[in-house]
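Chain A is the first sequence line, chain B the second, and so forth, proteins listed ahead of strands; every chain is numbered from 1. Side chains included, hydrogens not; waters and symmetry mates left out as well; all remaining heavy atoms used.
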Amino acid sequence: MRIATWNVNSVRARTGRIVDWLERADIDVLAMQETKCKVDQFPVGAFEEAGYEVEVHGTNQWNGVAFASRLPMSEPRVGFANMPGYANTPPESGELPLEARALGVTVEDVRLWSLYVPNGRELGHPHYAYKLAWLRALLDDTVAWLGEHPDEPLALMGDFNIAPLDTDVWDMAAFDGLTHVSPPERDAFQALLDGGLVDVVRDRGEEGFTYWDYKAGRFQRNHGMRIDFILGSAAFDELVVDASIERDERGGDAPSDHVPVVVELDIETSMDDDRPMIF
DNA sequence: ATGGCGTTGGAACAACGA
């Protein structure tokens with residue numbers, strides 16, 4: 001079974017590219033982030049024509065997470081326990097709206113999450129505090145789940161908006177005083193690893209960036225960042241037989257600014273078989 | 001030091017991004 005995560009930077013602007021890649025790369029399950037549309041705006045038909053069902057979470061033109069899968073998905077869940085909300089100008093009621101940043105599904109007894117971690121904007125900005133609180137709640141929910149399901153495969157997949165290592169950005173000097181590399185953000189990422197997850201892609205020796213800004217020829221100069229990850233439980237880690245960062249997807253016409261990250265699991269599915277399912 | 005570019009809503013520009 002081959003699963004992937006990809007911040008697509010608008011599913012409507014890139015529907016053809018995404019579906020083409022799913023087929024070309026033989027992907028069974030894709031976690032998407034930054035779909036940038038409401039549920040009823042999602043191009044469901046294009047995925048279904050290619051043999052993929054979708055689970056979609058989106059409330060407006062920002063954020064948005066989804067799954068496309070050619071294997072059955074079950075137990076969809078929007079958000080996680082105590083996930084904080086955000087508003088630039090908090091309403092009088094004090095109830096902050098929840099954003100479309102987390103969606104969970106189960107496929108072949110593997111629990112999968114598509115996560116779009118808040119950007120943070122600037123150190124000291126309310127959005128930065130929101131980012132850290134969001135990551136704390138994610139950690140708490142993940143640790144609780146692992147406590148209840150210690151032997152089950154789980155993967156948190158998505159755009160974490162954190163570069164955990166100095167080598168995960170092209171030049172640390174360019175990030176002085178900026179988000180994505182600050183110690184509290186890196187501590188929050190490390191806490192997920194300490195909580196029982198493994199960076200299954202890095203652990204298999206796969207190197208390179210997953211994001212390059214559109215501006216200033218950043219891709220051509222390889223001025224990128226590694227901020228998209230697949231973090232797996234021990235049971236998930238044991239299943240991983242291959243991992244890759246699909247750098248070529250940053251090229252061509254109208255690419256996303258992120259590329260897909262893929263892992264192959266040692267799970268036999270009907271899709272591994274070229275014979276028809278029904279004789 | 002700044003902008004570079006791209007997407008969305010909604011019809012000019014603001015919000016957002018990392």
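- The side chain of A:Ser10 contributes an N or O atom lying less than 4.0 Å from OP1 or OP2 of B:dT8.
- One can place OH of A:Tyr86 at 7 Å from P of B:dC16, the figure rounded to the nearest angstrom.
- Heavy atoms of A:Asp228 sit nowhere under 4.0 angstrom from any nucleic acid atom.
- Contacts between residues 254-262 of chain A and DNA chain B, defined by a heavy-atom separation under 4.0 Å, are made by A:His258.
- One interatomic measurement links the two molecules: CZ of A:Arg250 to C1' of B:dA18, which rounds to 13 Å at whole-angstrom precision.
- OP1 and OP2 of B:dT8 both lie 4.0 Å or more from every side-chain N or O belonging to A:Gln41.
- With hydrogens and angles left out, the side-chain atoms of A:Thr106 and A:Arg111 include a donor and acceptor closer than 3.5 Å.
- In this model, a side-chain donor or acceptor of A:Asn119 finds a partner on the base of B:dA18 within 3.5 Å.
- We find that A:Arg186 and A:Asp166 are joined by a salt bridge, their nearest charged nitrogen and carboxylate oxygen being less than 4.0 Å apart.
- For the OP1/OP2 pair of B:dG6 and a distance below 4.0 Å, the side-chain nitrogens and oxygens of A:Asn9 include no atom meeting the criterion.
- B:dA1 and B:dC13: their P atoms are spaced 30 Å apart (whole Å).
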Step by step, would you call A:Thr179 with A:Glu185 a side-chain hydrogen bond (donor to acceptor under 3.5 Å, both in side chains)?
CA-CA 8 Å; A:Thr179 59; A:Glu185 291 166 278; 4.8 Å; no
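- A gap of 23 Å separates the P atoms of B:dG10 and B:dG6, to the nearest Å.
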Assess whether side-chain hydrogen bond (donor to acceptor under 3.5 Å, both in side chains) is satisfied between A:His223 and A:Asp171, documenting all intermediate values.
CA-CA 8 Å; A:His223 287 182; A:Asp171 178 11; over 6 Å; no
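- Look at A:Asp28 and A:Arg2 and you find no salt bridge, because none of the NZ, NE, NH1 or NH2 atoms lies under 4.0 Å from a carboxylate O.
- A:Tyr116 has a side-chain polar atom (N or O) that falls below the 4.0 Å cut-off from OP1 or OP2 of B:dA18.
- A donor-acceptor pair shorter than 3.5 Å can be found between the side chains of A:Glu34 and A:Tyr116.
- With respect to A:Glu99 and A:Arg101, a salt bridge is recorded, a charged nitrogen being found less than 4.0 Å from a carboxylate O.
- Atoms CD (A:Glu34) and P (B:dT8) sit 11 Å apart, rounded to a whole Å.
- Between A:Asn88 and B:dC16, a side-chain N or O to OP1/OP2 separation shorter than 4.0 Å is present.
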How far apart are the C-alpha atoms of A:Ser256 and A:Asn9, what are their side-chain angles, what is the distance that settles it, and do they pass the side-chain hydrogen bond (donor to acceptor under 3.5 Å, both in side chains) test?
CA-CA 6 Å; A:Ser256 170; A:Asn9 187 20; 5.2 Å; no
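- Position along DNA chain B of the nearest nucleotide to A:Cys37 versus A:Trp62 favours A:Cys37 as the more 5'-ward residue.
- For residues 206-225 of chain A, proximity to DNA chain B is found at A:Tyr211, A:Tyr214, A:Lys215, A:Ala216, A:Met225, defined as any non-hydrogen atom under 4.0 angstrom from a strand atom.
- A:Arg17 forms no cation-pi arrangement with A:Trp21, by the criterion of a distance under 6.0 Å to the ring centre and an angle within 45° of the ring axis.
- Contact annotation: A:Arg121 does not reach the phosphate of B:dA15 (side-chain N/O to OP1 or OP2, under 4.0 Å).
- As rounded to whole Å, 17 Å separates atom C1' of B:dC16 from atom CD of A:Gln33.
- Distances were taken from every side-chain heavy atom of A:Arg101 (C-beta onward) to each of B:dT7, B:dG17, B:dA18; the shortest belongs to B:dG17.
- What separates CD of A:Gln61 from P of B:dG6 is a distance of 20 Å, to the nearest Å.
- OP1 and OP2 of B:dT7 both lie 4.0 Å or more from every side-chain N or O belonging to A:Arg12.
- The ring of A:His127 has its center closer than 6.0 angstrom to the ring center of A:Tyr86.
- Separating the CZ atom of A:Arg17 from the C1' atom of B:dG6 is a distance of 14 Å, rounded to the nearest angstrom.
- B:dA12 sits 24 Å from B:dT2 when the C1' atoms are compared, rounded to a whole Å.
- In terms of position along DNA chain B, the nucleotide closest to A:Asn60 lies nearer the 5' end than the nucleotide closest to the other residue of the pair A:His127 and A:Asn60.
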